[in-house]
Amino acid sequence: MKSQLDRLREIPAVDTILNAPDLAPLLKARPRWLVVDAVHAVLASLRQEIQAGQDLAAGEMALAKLIPRVEQAAEEMGRTHLRPVVNATGVVIHTNLGRAVLPEEVLHQVVRVASHYSNLEYDLSRGARGTRYAHVEDILCRLCGSEAALVVNNNAGAVLLGLNTLAEGRKVIVSRGQLVEIGGSFRIPDVMKKSGCHLVEVGTTNKTHPKDYRNAIGEQTAALLKVHMSNFEMSGFTREVSRREMVAIAREAGLPLMEDLGSGNLVDLSAFGLPSEPTVQESVRDGVDLVTFSGDKLLGGPQAGILVGKKTILDRVKKNPMTRALRVDKMTLAALEVIARIYLDPPAAQRQIPALRMLSTPLSELTARAQSLARCIRSLSDDTWVVDVMEDLSQVGGGALPETPLPTCVVSLSTSGMSVNRLEQAFRAADPPVIGRIRHDRFLLDVRTIQDQELETVARVAGKVAALSR
Ligand SMILES: *Cc1c(COP(=O)(O)O)cnc(C)c1O
């Protein structure tokens, strides 16, 4: 038997592989640096296999065996890093998986605008310089019922910009119960500090009363802030000051009230059988001076931070130099304008905007979809696989309605050929990756967030995983 050292010595040199006639087609098709990297990667893993004491089959070091491995490695390295995945987690607004999926017509408009010059900052009627924000302001005002609107890079930026404009160097009053951390290191107290304003906390963790705000208002107070608690809910012995009460307190004191709504919902979710989430329109109607929300959470659009409210305040925000640093891209504006136009017809919004469609899909339809997927998977796997259809719960995600159970139907998988963790990993390693969840030692595919045209893909991936497990 050969020693480990002998086997390591048998590994061919990088140049031997690069000069092999059989590698020529790959070198022609791909940049040389990539092929060289692929050769290094294959040799490194070969070295690792030998050092780990793996019993390599005879001929494993032959060029005929190595070149296909190099081709495979080059293929993987040549693929874009950012790529589509199938979301089978059932979390509709999944921040790790890119949040909202955009409708087709939105993408057409992005391609149309981005592949040509456009009137981004050009007023076509006057033949003079215009502003990029004008394309969406009117329509956002119409949807939200506000006097003015502005769009920036994301909601964290919108909050930062709003606070900086209203209160730099001065004090902002917030209820202690609303000093939340949203995740991804967005904490309200930290954002306030960065905006240059001073936080004044009032009330206690569970209770804040109107008098707490009134007593805290002083010379140095610049604004009152209300924050949506997002992925956090309090119950029991609690008291929050309602939005209307806060408007009244702010008016009495002649101060502006700002509200960070987080998700930024424009439709009445109770129509889908969900608890009602505050809408942007309600916030504006109640008299909040400046409202901020995300474009890619419940709204179902591109990443953006939207500010709506009183014209006098938005005029100040627009003049803030920070606005330029948080400026939104033309592709985002193109997408947001189409999304906003879809919202002008609410039934169309429910049909066309994937986030809303996924949230409102009836259980009967989810059940039928899960059954058809389960049938497909059964036909592709063998009797070591247990494929069931079960009821379970999806999540809205994106910080909205964290405690709301969303009844759904899942395909539940397990097999004697693979542990549940290996199963999860094999689906995740597939092309395209399929991301599901593990519960009670079963791998679950929630059909709520799988799009119709992806069902076939998921079945195909399952077939490949089944072949692996044999
Ligand atoms: C999500 C969220 C934010 C941050 O919004 P991004 O669009 O992710 O920047 C801010 N505030 C609240 C309450 C949120 O839920």
Side-chain angles (χ1 to χ4, degrees), residues 91-102 136 140 144 149-166 172 174-195 197 199 223-234 240 243 246 257-266 269 274-275 277-280 282-283 288 290-309 317 322-323 325-329 331-333 335-336 339-340 355 359 395-404:
V91 181
V92 178
I93 310 295
H94 199 308
T95 297
N96 299 155
L97 301 183
R99 290 198 183 161
V101 171
L102 298 175
V136 289
L140 285 173
C144 304
L150 179 71
V151 183
V152 294
N153 182 60
N154 62 356
N155 186 36
V159 175
L160 184 75
L161 178 62
L163 287 170
N164 179 267
T165 307
L166 292 178
V172 175
V174 192
S175 160
R176 206 162 254 135
Q178 295 172 4
L179 293 174
V180 293
E181 170 175 319
I182 314 295
S185 75
F186 180 93
R187 286 175 160 196
I188 291 293
D190 296 346
V191 174
M192 294 183 76
K193 195 185 276 171
K194 282 289 175 199
S195 75
C197 70
L199 163 65
L224 268 56
L225 174 67
K226 180 174 171 59
V227 182
H228 188 289
M229 284 195 281
S230 205
N231 45 10
F232 170 69
E233 233 167 46
M234 281 202 298
E240 254 206 299
R243 181 189 295 123
M246 286 195 70
L257 171 64
M258 174 170 158
E259 181 171 16
D260 174 17
L261 269 181
S263 227
N265 167 41
L266 289 175
L269 294 179
L274 294 169
E277 169 82 6
T279 61
V280 180
E282 275 164 23
S283 188
V288 177
L290 181 62
V291 185
T292 68
F293 54 98
S294 285
D296 56 352
K297 288 186 178 172
L298 274 177
L299 198 75
Q303 177 187 305
I306 302 169
L307 302 98
V308 299
V317 176
M322 200 184 263
T323 300
L326 296 168
R327 169 167 109 166
V328 37
D329 173 61
M331 291 191 271
T332 305
L333 280 173
L336 192 63
I339 287 281
L359 284 174
Q395 272 177 283
V396 178
L401 308 169
E403 300 289 318
T404 301

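These figures come from a predicted structure and were not determined experimentally. Both counts, for ligands and for their atoms, begin at 1 and track the order of listing. Heavy atoms only: backbone and side chains are in, while hydrogens, waters and symmetry mates are out.
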*Asks:* Roughly how far, to the nearest 0.5 Å, is the CG atom of Leu336 from the CG atom of Leu299?
*Replies:* 7.0 Å
*Asks:* Quick one: does Val159 get within less than 4.0 Å of ligand 1, heavy atoms only?
*Replies:*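 False for this residue.
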*Asks:* Distance under 4.0 Å to a non-hydrogen atom of Gly262: what atoms of ligand 1 satisfy this?
*Replies:* 12 (C), 13 (C), 14 (C), 15 (O)
*Asks:* Should the proximity of Lys297 to ligand 1, defined as any heavy atom under 4.0 Å, be assigned to the side chain, the backbone, both, or neither?
*Replies:*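 Near ligand 1, Lys297 shows its side chain, while the N, CA, C and O stay back.
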*Asks:* My understanding is that only residues two or more places apart in sequence, or in another chain, count here; which of them pass side chain to side chain donor-acceptor pair (under 3.5 Å) with Asp260?
*Replies:*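 Checked Asp260 against side chain to side chain donor-acceptor pair (under 3.5 Å); matches are Asn155, Thr292.
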*Asks:* Donor-acceptor pair, Ser283 side chain versus Val280 backbone, under 3.5 Å?
*Replies:* no
*Asks:* His228 heavy atoms, cut-off 4.0 Å: which ligand 1 atoms fall inside?
*Replies:*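 It comes down to these atoms of ligand 1: 13 (C).
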*Asks:* Does any N or O atom in Ala156 lie less than 3.5 angstrom from one in ligand 1, N or O only?
*Replies:*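 For ligand 1, there is an N or O atom that lies under 3.5 Å from one belonging to Ala156.
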*Asks:* Count the heavy atoms of every other residue, nucleotide or ligand shown that sit under 6.0 Å from CZ of Arg187, and state whether that count exceeds 12.
*Replies:* no
*Asks:* Judging by distance only, is a nitrogen or oxygen of Asp260 under 3.5 angstrom from one on ligand 1?
*Replies:*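 There is such a contact, yes.
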*Asks:* Can you tell me if CE on Met331 sees more than 12 non-hydrogen neighbours from other groups inside 6.0 Å?
*Replies:* no
*Asks:* Taking the non-hydrogen atoms of Arg99, is any one of them nearer than 4.0 angstrom to ligand 1?
*Replies:*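 Per 4.0 Å heavy-atom rule, Arg99 contacts ligand 1.
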*Asks:* Which atom names give the shortest non-hydrogen contact between Lys297 and Gly398, and what distance separates them?
*Replies:* CD-O, 3.1 Å
*Asks:* Short list, please: which atoms of ligand 1 are under 4.0 Å from a heavy atom of Ser294?
*Replies:* 5 (O), 6 (P), 7 (O)
